[in-house]
Amino acid sequence: MNIAMINGSPKPVNSNSGILLKMLEPLIRTGNELTYYNPNKRPLTPAQYSELCRMDVLVIAFPLYVDAIPSHLFRLLATLEEYLKSEQEQEQEEQDIYVYAMINNGFYEGSQNHIALDILKHWCTRTGVHFGQALGQGAGEMLGSLEKVPPGKGPLKNLGKAMHSMAANIQSRSADDSMLFSPNFPRFAWKFAATHSFWNATAKKNGLKRKDILRRL
């Protein structure tokens, strides 16, 4: 089975979307051919779009941007829709492609990803491909500091369980209910760590102080 692993993060390196794809890879590698696509580095070529049209499965990982899909990934989907419809017209049948997604957001609540999930589901319906399943991880910025934690353990307990479910559905090319979840980590502790280790540290790195973050325009 041919599986496309699409990193939809705008970051060229060290993206949380890339971390999610790497977590999923060992669960679906056996018996399948995985091809990575990184539109965050450069736009896909016509040849790559044609490759995507002939995939059995598309796995798309991306961060939530303003409750939706990042613009460069949205552009990729719009272009891919044109290619897929062209293929359908030539073959006079719908593409038998299954689409799965892994969404991460900076909010603690994974439920925040539901609008982006609906956008992707509507795109699948419009394009004539099958929507398989999506995972929505809350507190996505934690992933970079948890790379040594095995999925299914500690703060990644929910994520590991969800990934195993998705991997099984990918292997069988079947659809299932999507799962939106938060990390297995207290919200107050996440808020404290995010404020002091990320926001304040980032402000200091850019020559700002804590009061500058709190200042109202």
Side-chain angles (χ1 to χ4, degrees), residues 1-65 69-84 87 95-105 113 116-117 119-120 123-124 127 129-137 140-152 156 159-160 162-174 178:
M1 184 163 63
N2 293 312
I3 301 177
M5 307 284 274
I6 303 173
N7 185 338
S9 171
K11 295 180 181 178
V13 295
N14 301 325
S15 68
N16 297 315
S17 300
I19 292 173
L20 290 173
L21 290 173
K22 288 297 183 183
M23 286 183 179
L24 180 66
E25 180 179 327
L27 303 179
I28 60 175
R29 184 192 302 122
T30 303
N32 300 313
E33 182 175 342
L34 277 57
T35 304
Y36 278 83
Y37 296 85
N38 295 287
N40 43 17
K41 295 183 177 179
R42 60 180 60 88
L44 298 189
T45 65
Q48 288 176 312
Y49 278 112
S50 294
E51 288 175 3
L52 291 177
C53 292
R54 289 167 176 76
M55 290 289 175
D56 299 299
V57 168
L58 306 182
V59 179
I60 308 173
F62 64 92
L64 192 70
Y65 268 54
I69 297 173
S71 60
H72 76 292
L73 178 59
F74 193 88
R75 183 168 59 248
L76 180 153
L77 293 175
T79 304
L80 180 57
E81 179 182 338
E82 296 176 2
Y83 275 82
L84 286 168
E87 292 283 334
Q95 299 293 325
D96 193 27
I97 298 173
Y98 276 78
V99 176
Y100 301 85
M102 296 186 292
I103 315 168
N104 76 90
N105 67 273
N113 295 303
L117 165 58
I119 292 172
L120 189 59
W123 178 83
C124 289
T127 308
V129 297
H130 308 287
F131 177 79
Q133 187 181 29
L135 310 183
Q137 168 74 51
E141 288 300 328
M142 288 182 61
L143 293 174
S145 61
L146 299 174
E147 287 191 86
K148 294 184 179 180
V149 178
L156 302 182
L159 178 60
M163 276 201 172
H164 276 84
S165 172
M166 173 175 280
N169 290 321
I170 289 174
Q171 294 284 21
S172 61
R173 294 211 312 156
S174 56
S178 294

Visitor: How far apart are the closest heavy atoms of Phe62 and Ala116, and which atoms are they?
Guide: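 The pair with the smallest heavy-atom distance is CE1-CB, 4.1 Å.
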Visitor: Please examine the side chains of Leu52 and Gln48, heavy atoms only from C-beta on, and report whether any two atoms are closer than 4.5 Å.
Guide: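 Gln48 does not reach Leu52 side chain to side chain.
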Visitor: Indicate yes or no for a side-chain donor-acceptor contact from Arg173 to the backbone of Asp96 under 3.5 Å, with no hydrogens or angles considered.
Guide: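 Checking the backbone N and O of Asp96 against the side chain of Arg173, a donor-acceptor pair under 3.5 Å is found.
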Visitor: Supply the atom-to-atom distance Leu84 CG to Cys124 SG, rounded to the nearest 0.5 angstrom.
Guide: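 Spacing of CG (Leu84) from SG (Cys124) equals 10.0 Å.
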Visitor: Sequence neighbours left out, what pairs pass salt bridge (Lys or Arg N to Asp or Glu O under 4.0 Å) with at least one residue falling in residues 32-43?
Guide: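 Sorted pair list comes back empty.
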Visitor: Provide the closest heavy-atom pair for Leu120 versus Ala101 in the form atom of the first, atom of the second, distance.
Guide: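 Shortest heavy-atom separation between Leu120 and Ala101 comes out as CD2-CB, 3.3 Å.
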Visitor: In Å, rounded to the nearest 0.5 Å, how long is the span from CG of Leu143 to CG of Leu156?
Guide: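 With rounding to 0.5 Å, CG (Leu143) is 6.5 Å from CG (Leu156).
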Visitor: Can you run down the salt bridge (Lys or Arg N to Asp or Glu O under 4.0 Å) pairs that involve residues 15-27, sequence neighbours left out, and say none if there aren't any?
Guide: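 Only Lys22-Glu25, Glu25-Arg29 qualify under salt bridge (Lys or Arg N to Asp or Glu O under 4.0 Å).
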Visitor: Under the ring pair (Phe, Tyr, Trp, His ring centres under 6.0 Å) rule, collect the residues that match up with Tyr100, sequence neighbours excluded.
Guide: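 Ring pair (Phe, Tyr, Trp, His ring centres under 6.0 Å) check on Tyr100 returns nothing, list empty.
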Visitor: Under a 4.5 Å cut-off applied to non-hydrogen side-chain atoms, are Tyr37 and Leu58 in contact?
Guide: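 No. Closest side-chain heavy atoms not under 4.5 Å.
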Visitor: What ring pair (Phe, Tyr, Trp, His ring centres under 6.0 Å) pairs are there with at least one residue in residues 38-61, not counting sequence neighbours?
Guide: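 Ring pair (Phe, Tyr, Trp, His ring centres under 6.0 Å) check on residues 38-61 returns Tyr49-Tyr83.
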Visitor: Taking atom types as modelled, find out whether Gln171 and Asn32 have a side-chain donor-acceptor pair closer than 3.5 angstrom.
Guide: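 Gln171 vs Asn32: donor-acceptor pair found between side chains.
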Visitor: Kindly give the heavy-atom pair with the smallest separation between Trp123 and Val129, and that separation in Å.
Guide: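 Closest approach of Trp123 to Val129: CZ3-CG2, 4.1 Å.
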Visitor: Sequence neighbours left out, what passes side chain to side chain donor-acceptor pair (under 3.5 Å) with Ser15? Give chain and number order.
Guide: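 Partners of Ser15 by the side chain to side chain donor-acceptor pair (under 3.5 Å) criterion, ordered by chain and then number, come out as Asn7.
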Visitor: Ile97 versus Thr127: any side-chain heavy-atom pair under 4.5 Å?
Guide: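 The answer is no; the side chains never approach within 4.5 Å.
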Visitor: Measuring only between side-chain heavy atoms, which start at C-beta, is Asn2 closer than 4.5 Å to Arg54?
Guide: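 No - every pair of side-chain heavy atoms lies 4.5 Å or more apart.
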Visitor: Report the distance from atom CE of Met5 to atom OG of Ser17, rounding to the nearest 0.5 Å.
Guide: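 Separation between the atoms: 11.5 Å.
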Visitor: What are the two closest non-hydrogen atoms of Gly144 and Asn16, and how far apart are they?
Guide: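 Where Gly144 meets Asn16 most closely, the heavy atoms are N-OD1, 3.7 Å.
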Visitor: Atom NE2 in His130, atom OG in Ser174: separation rounded to 0.5 Å?
Guide: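 One finds 11.5 Å between NE2 of His130 and OG of Ser174.
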Visitor: List, one per line, each side-chain donor-acceptor pair under 3.5 Å for residues 69-80, sequence neighbours excluded.
Guide:
residue	atom	partner	partner atom	Å
His72	NE2	Gly8	O	3.3
Thr79	OG1	Arg75	O	3.0

Visitor: Side chains of Val59 and Met102, heavy atoms from C-beta outward: is any pair under 4.5 Å?
Guide: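 Side chain of Val59 against side chain of Met102, heavy atoms only: contact under 4.5 Å found.
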Visitor: May I ask you to test the Lys11-Pro63 pair for a side-chain heavy-atom distance under 4.5 Å?
Guide: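 They are not in contact (no side-chain heavy atoms under 4.5 Å apart), so the answer is no.
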Visitor: Looking only at atom types and distance, does a side-chain atom of Asn104 sit under 3.5 Å from a main-chain N or O of Gln137, one as donor and one as acceptor?
Guide: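 Flag not set: sc Asn104 to bb Gln137 has no pair under 3.5 Å.
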Visitor: Is a side-chain donor or acceptor of Asn40 paired with a backbone partner of Pro12 at a separation under 3.5 angstrom?
Guide: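 Not confirmed, Asn40 side chain does not pair with Pro12 backbone.
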Visitor: Kindly compute the distance separating CG (Leu24) from CD1 (Ile3), expressed to the nearest 0.5 Å.
Guide: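 Spacing of CG (Leu24) from CD1 (Ile3) equals 8.0 Å.
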Visitor: Distance from Leu135 atom CG to Met163 atom CE, nearest 0.5 Å?
Guide: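 Rounded to the nearest 0.5 Å, the CG-CE separation comes to 6.5 Å.
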Visitor: Give the intermediate values and the outcome of side chain to side chain contact (heavy atoms under 4.5 Å, CB included) for residues Leu146 and Ile19.
Guide: CA-CA 10 Å; Leu146 299 174; Ile19 292 173; over 6 Å; no
